[in-house]
Every structure is written in structure tokens, then in C-alpha cells.
Amino acid sequence: MPELPEVETIAKGLHQAIAGKRIKEVKAIFPGIVRQNFRIFKKTIIQKEIKGVRRRGKYLLIDLSEGKTILTHLGMTGGFLFINLPNSPPKVSVRRPPQSRLNSKHDHLIFRFCESNAGLCYNDQRKFGKIKVFNTTEEKNIPELKKLGLEALEISSSEFIRIFKNRKGRIKSALLNQQIIAGLGNIYTDESLFEANIHPAQKMNLLKASKLKDLHKAIRKVLNKAIKAGGSSIENYSDIDGRMGRFQLHHKVYGREGEFCKRCGRKIKRIKINQRSSYFCPKCQPLKDA
DNA sequence: TTGCGTGTTGGACA
DNA sequence: CTGTCCAACACGCA
């Protein structure tokens, strides 16, 4: 679920909702989501003020006062909900936003802020998400961040071409590799490859620079449109107010196996690449082999 | 009932 | 550097 556009939507929503607020309390229903000693985590962030919320690749970064930053990855099904908490601290009953698609049974962490009854709930059905806090000055050394490639929306056309030409493997594998370029996942690689008329299994060394340029442009176009639409809601993604994204309504190939290509009318096909379903139009995205 | 597939990353291995 | 397979987990579906 959460690829760059979804994480970007959440980051903006969080920034809006909690910047300037101070963390009063953290409650763990399932502390395993925090990938370090929970008591230390709690002690480190409590009483700190939220300075801002950023995104790096598919990671969320919540900057706190006194030089601390919370790193969050949402995995497949993680999400935040901005909520109202009743005044009695011990009993945390979560009043969910009306449109929320996240089952309360998978609430794992509850943050309470000093201001009003504001709270934040971390929900994650599959528990693949992770959260930890680190010293902001060490950001360059955090293993998760250190490995990331250039931001998908910041890389220039020439850098993009330089990085992808002369590689051997299949284009989709490389696009999914966060160490090469950060932010794309299964949905947006398929949508971008369709937009650029490139077969997902295309070997990169057979792609001309002009084609890579098309792909770079396609990625920007798809991601920017998806951000404008608030991301894609397939199963249980929603923003911090429980609202669904709308970009799934504009998917041209993802999840459309057997349906007709919106451009040429042929049936969309599905193949496996790196154990991941890959959707494409066989007519619009021909495979070139040597 | 059983098995399979699902938006993620990371590690082991050839 | 590549690609492949598997693991973490919970759920819906055939």
C-alpha cells in the first residue's frame, strides 16, 4: 500500500495535524512495532515537541525538539489516524474518524499530545511496519536511510539515464530497488512503465537513452498525479483522517488483469517478476529482445 | 479445510 | 552486481 504518494499524503497530513504539539504519552498495545527498547523509545520522545514531518523514499521522518527524529516505515498495511482521545488517560478508547477503513483490532501504538485531546494511533494489520527514534545528527548513518537511492521525484533526467543504462537486469526489478531509486513500489512501477510503453520484463541494456528519458518523465507524471489524488486506496490505505485516496480510479494497468487496455483495447496481462504481480498491456508495452 | 495471493524490506544463497 | 527464494504477519477468497 504505502508507496511514495501515500507516504507523502500521510506526511503532509501529519505535519498539518501535529506540528507544534508536544507528546504527552505513548501507549503500546503491541510494542513490537517499535524496533528498539520500548521504554527507552518512550522516554526519549515524551515531552518533546513535534518540529515537522518529512518523507524520504517510503519512510516518514518526524522531527522532534532536542535533536531527535522518529523514523517510521509503514510496511504493507501500516497507517496513522489522527484521533480524539477522552480525558481519562488510563482508559484509551479510540474514537475513530468516521470513514476509517482500519480495523481497531490492529491498533498498536497510541500517542497522546499535551494539546487538547489530540492523539495519534498507529494501525498495522500485518505488523510489517517499524518505528524507532534516533539522533537527528546521525541521520546520514541510519542503516535504513543510508542505503536509499535518489528520490524518485528529485532525480534529474540525465542522472536517471546514467543510473539505469548499462544495467543488465529487468527494468521493473531495478525500479523496485530502493537503493537505486527511492519511492516506487509495485503499483507505481507498473503504472509508470505503462505510461512509458515499456514492458516490465524489459532488459535495461536494450533500452535506448530516449526511452529512459520517457520513463523518467512517466514516473514524474504518475507520481505527481497520484499525490494530487491523495494516493491509491486498494485494501486499507487511508489518510490520517480516514479518507481514501482516489488514484486507484485512474490505474491503467495495476490490478486490471483481463480488463481492456484504456488506450488500445487489448486485454491487460499479468506476469510475475521478483515474485510480484506485474500488470501490463502486451500491445502498448512490447518486449524488445536482442 | 487448505492453499494462495496481497501495497514492504532484508537476508541468505547461487 | 544479479536474481531467487524466503521470512515477518493477518486476512480474504477460491
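Keep in mind it's a predicted model, so treat the numbers as computed, not measured. Throughout, protein chains are lettered first and strands after them, A, B, ... in sequence-line order, and every chain is numbered starting at 1.
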Nucleotide dT8(B), atom P - distance to CG of Asp190(A) in whole Å: 10 Å
dC4(B) to dC5(C) separation - P atoms, rounded to the nearest Å: 15 Å
No-H, no-angle donor-acceptor pair, Arg126(A) side chain to dT6(B) base, under 3.5 Å: yes
Short side-chain N/O contact from Lys147(A) to OP1 or OP2 of dT9(B), under 4.0 Å: no
Rounded distance in Å - CZ (Phe128(A)) to C1' (dG5(B)): 12 Å
Identity of whatever pairs with dC9(C) - Watson-Crick or G-U, under 3.5 angstrom: none
Touch class at under 4.0 angstrom, heavy-atom based, for Arg270(A) against every strand present: sugar-phosphate
Residues Lys225(A) and Glu195(A) bridged, charged N to O under 4.0 Å: no
Salt bridge present between Arg56(A) and Glu151(A) (N-O < 4.0 angstrom): yes
N-O pairing of Glu144(A) and Lys130(A) below 4.0 Å: yes
Carboxylate-amine/guanidinium proximity below 4.0 Å for Glu8(A) and Arg55(A): yes
Proximity to the side chain of Ser277(A) - top-ranked nucleotide from dC9(C), dG5(B), dT8(B): dG5(B)
Sugar-phosphate, base or nothing in reach of Phe30(A), heavy atoms under 4.0 Å: nothing
Nearest-nucleotide pick for Arg170(A), side chain only, options being dC1(C), dA10(C), dT4(C): dT4(C)
Side-chain donor-acceptor contact under 3.5 Å, Glu138(A) with Asn135(A): yes
Selection from dT8(B), dT6(B), dC11(C) that lies nearest to any side-chain heavy atom of Gln125(A): dC11(C)
Spacing between Asp124(A) atom CG and dT9(B) atom C1', to the nearest angstrom: 13 Å
Sugar-phosphate only, base, or nothing, as touched by Lys203(A) at under 4.0 Å among non-hydrogen atoms: nothing
Per Tyr59(A) side chain, nearest of listed nucleotides dT9(B), dG3(C), dT8(B): dT9(B)
Closest-nucleotide 5' rank along DNA chain C - winner of Gln275(A) and Lys168(A): Lys168(A)
Toward the 5' end of DNA chain B, by each residue's nearest nucleotide, Tyr279(A) or Glu144(A): Tyr279(A)
Residue Lys272(A), side-chain heavy atoms: nucleotide from dA10(C), dG10(B), dT6(B) that is nearest: dT6(B)
Among dT8(B), dC1(C), dA10(C), the nucleotide that comes nearest once only the side chain of Asn186(A) is considered: dT8(B)
Between dA8(C) (P) and Ile33(A) (CD1): distance, integer Å: 15 Å
Sugar-phosphate, base or nothing in reach of Arg276(A), heavy atoms under 4.0 Å: base
Lys262(A), NZ atom: more than 12 neighbouring heavy atoms under 6.0 Å: yes
Spacing between Arg35(A) atom CZ and dT8(B) atom C1', to the nearest angstrom: 11 Å
Lys58(A), nearest nucleotide to its side chain (from dT6(B), dT2(C), dT9(B)): dT9(B)
Short side-chain N/O contact to dC11(C) OP1/OP2 from Lys105(A), under 4.0 Å: yes
Spacing between Met204(A) atom CE and dG3(C) atom P, to the nearest angstrom: 6 Å
Lys48(A) NZ: over 12 foreign heavy atoms closer than 6.0 Å: yes
Candidates dG10(B), dT9(B), dT6(B) - which lies nearest the side chain of His73(A): dT9(B)
dT1(B) versus dC9(C) - spacing of their P atoms, nearest Å: 23 Å
Protein-nucleotide distance (Phe164(A), atom CZ; dT2(C), atom C1'), rounded to Å: 15 Å
Value in whole Å for how far the C1' atom of dC9(C) lies from NZ of Lys130(A): 15 Å
